[in-house]
Amino acid sequence: MPRRPGPGTTRAPDPTSDLKWSDVTPERLWLGRRDVMAGAAALLAAPALTRPAFARIEAAPSALSTDEAPNTFEEITNYNNFYEFGWEKTDPARNAHLMTTDPWSITIDGLVERPGVYDLADVMKGQPLEERIYRFRCVEAWSMVIPWIGFQLSGLLERVGVQPGAKYVAFETLHRPNEMPGQYRTAIRWPYREGLRIDEAMNPLTILATGLYGKEMPKQNGAPIRLVVPWKYGFKSIKSIVKIRLVEEQPPTTWQQLQAGEYGFYANVNPEVDHPRWSQATERRIGAGLLAGRQETLMFNGYADHVAGLYDGMDLRALY
Ligand SMILES: Nc1nc2c(c(=O)[nH]1)N[C@H]1C(S)=C(S)[C@@H](COP(=O)(O)O)O[C@H]1N2
Ligand SMILES: [Mo]
């Protein structure tokens, strides 16, 4: 059974610090979805540059953004977890170009008023894009600050109409082994699955992200559309979503299915509840350098003011 590398197995120095833009193939990273973004984004044709031109996305800033310094684009796109493309942090940057993201549609069904297969442009229609600069904390005890572009999941759910009986939202990633070589390893039961309670899904912090750094989403970060839930460990933020289902029962999720003793459904960031194999009290900020040392992990990843009330009366230790 595959196990995640914990902080104890992390190589030092930080492998991302050795990677330069020239180590990746930008043409592959940026062959993309300019056309689909057109409905919601203002496109500027970039003048001749050494890098290929790609769409810039217009998005309003948000009061929900942190003022912490974002990680670099190179860090965010070269140190990834996307097991569909391999288990090493550098595998997604190398392999995600294999994934076709155009055309793209999302099946929205279950307890909704208007179920259907929605084209990506239709999913985004009318949803105001914002830049949300969020802290991002992986369960492996590393973290980044990422300037996402996206819109509130609540906006989409309101548009499709949530029926009263719906208590959870279940998400699924694309399952296409011939484009996702990691899916030939069957230790994980593909497709990757995640879920949220309906009030978590409706929280204003919860977004569907379609870009970062003002550009369309790089494939290794979950193009063309992925979830971002900043107060939970990173594995909840499911990438490359093709299915959203409103359900009555708590849905099965990939990491809980794989190792229930190590990963729960709620997975709220909590420095007081250790992972069975390592402490969650501190984290390593990617790119901070060896001299910076580890920093303290914040309850709910620093978003307690916005979300602690969702868990009133619940045992936070059980919400790991
Ligand atoms: N479909 C899918 N979504 C996924 C993953 C994955 O392997 N497959 N990894 C998760 C984990 S463990 C983390 S930490 C984040 C990483 O997001 P990033 O690479 O954009 O930083 O994506 C999450 N979403
Ligand atoms: Mo993660």
Side-chain angles (χ1 to χ4, degrees), residues 2-7 10 16 29 70-96 99 101 106 132 134-150 170-177 179-183 185 187-196 207-213 215-230 232-244 253-259 262-264 267 269 275 278 280 283-287 297 301 320:
R3 307 195 109 195
R4 280 169 178 271
T10 306
T16 58
L29 297 176
N71 280 86
T72 66
F73 183 82
E74 282 72 15
E75 287 161 353
I76 294 167
T77 56
N78 287 289
Y79 189 89
N80 301 100
N81 278 331
F82 200 164
Y83 293 100
E84 284 87 338
F85 296 107
W87 285 76
E88 296 291 329
K89 294 288 182 285
T90 49
D91 285 341
R94 203 175 14 248
N95 296 328
M99 173 173 61
T101 56
I106 302 184
R132 296 280 182 100
Y134 281 163
R135 286 178 291 279
F136 188 90
R137 170 62 155 81
C138 174
V139 75
E140 296 159 356
W142 54 265
S143 66
M144 297 201 203
V145 175
I146 304 181
W148 303 110
I149 301 286
F171 303 87
E172 284 180 21
T173 294
L174 182 68
H175 185 216
R176 198 180 282 163
E179 295 184 6
M180 300 174 126
Q183 288 182 335
R185 283 183 71 167
I188 286 180
R189 241 182 289 166
W190 309 106
Y192 194 100
R193 291 186 177 82
E194 261 307 334
L196 295 172
I207 59 168
L208 287 172
T210 57
L212 58 82
Y213 261 113
K215 302 158 194 165
E216 62 198 52
M217 189 67 79
K219 290 185 176 180
Q220 61 267 47
N221 293 92
I225 186 165
R226 57 90 58 87
L227 188 69
V228 179
V229 194
K232 292 178 179 285
Y233 290 116
F235 65 84
K236 298 294 294 182
S237 293
I238 182 173
K239 297 176 170 182
S240 304
I241 295 167
V242 294
K243 193 173 285 186
I244 299 176
T253 59
T254 288
W255 286 97
Q256 201 179 22
Q257 274 186 327
L258 196 61
Q259 282 154 325
E262 299 195 357
Y263 310 102
V269 175
H275 185 277
W278 58 83
Q280 294 290 25
E283 63 199 51
R284 178 176 63 100
R285 179 62 55 82
I286 299 298
T297 288
N301 203 24
Y320 184 72

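The figures that follow rest on heavy atoms only: side chains count, while hydrogens, waters and symmetry mates do not. Every number for a ligand or one of its atoms is a count from 1 in the order of the listing.
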Min heavy-atom dist [X] to ligand 1 below 4.0 Å:
{"X": "R226", "value": "yes"}
{"X": "S240", "value": "no"}
{"X": "Y233", "value": "no"}
{"X": "E140", "value": "no"}

Please confirm whether the ring centroid of W255 lies under 6.0 Å from the ring centroid of Y233.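 Not under 6.0 Å, so no.
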Name the closest protein heavy atom to [atom], giving the residue it belongs to and the distance to 0.1 Å.
{"atom": "atom 9 (N) of ligand 1", "result": "N81 O, 3.2 Å"}
{"atom": "atom 12 (S) of ligand 1", "result": "R4 NH2, 2.9 Å"}
{"atom": "atom 8 (N) of ligand 1", "result": "E84 OE1, 2.8 Å"}
{"atom": "atom 18 (P) of ligand 1", "result": "K239 NZ, 3.4 Å"}

Does the N81 side chain pair with the main chain of F235, one donor and one acceptor, at a distance under 3.5 Å?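 Judged by distance alone, no pair lies under 3.5 Å.
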Using modelled atom types only, decide if a donor and an acceptor are shared between the side chain of T173 and the backbone of K239 within a distance under 3.5 Å.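 Between the backbone of K239 and the side chain of T173 there is a qualifying donor-acceptor contact (under 3.5 Å).
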Of all the atoms in ligand 1, which lie at a distance below 4.0 Å from a heavy atom belonging to [X]?
{"X": "C138", "value": "14 (S)"}
{"X": "S237", "value": "22 (O), 23 (C), 24 (N)"}
{"X": "I238", "value": "3 (N), 24 (N)"}
{"X": "N221", "value": "18 (P), 20 (O)"}

Both conditions, 6.0 Å and 45 degrees, for the charged tip of R226 above the ring of F82: are they met here?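 Here R226 fails the 6.0 Å and 45° test against F82.
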When you measure from the centre of the six-membered ring of F73, is the NZ or CZ of K215 closer than 6.0 Å and no more than 45° off the axis?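 Relative to the ring axis of F73, which defines the angle, K215 lies inside both limits.
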Between R94 and E88, does any side-chain N to carboxylate O distance fall below 4.0 Å?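 No, this pair does not count.
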Got a salt bridge between E283 and R135, using NZ or NE/NH1/NH2 to carboxylate O under 4.0 Å?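 Not counted as a salt bridge, because no side-chain N and carboxylate O are separated by less than 4.0 Å.
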N/O of T173 under 3.5 Å from N/O of ligand 1, yes or no?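 Right, the criterion is met.
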Quick check: does Y79 get an N/O under 3.5 Å from an N/O on ligand 1?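 The answer is no, given that Y79 and ligand 1 share no N or O pair closer than 3.5 Å.
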Provide the closest heavy-atom pair for I286 versus N71 in the form atom of the first, atom of the second, distance.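 Reported closest heavy-atom pair: O-ND2, 2.6 Å.
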Which residue from F136, Y192, Y83 reaches closest to atom 10 (C) of ligand 1 through any of its heavy atoms?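 Of the listed residues, Y192 has the closest heavy atom.
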Any side-chain heavy atom of T254 sitting closer than 4.5 Å to one from E194?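 Contact flag for T254/E194 side chains = no.
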Between S143 and T297, is any pair of side-chain heavy atoms under 4.5 Å apart?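 Sidechains of T297 and S143: no contact.
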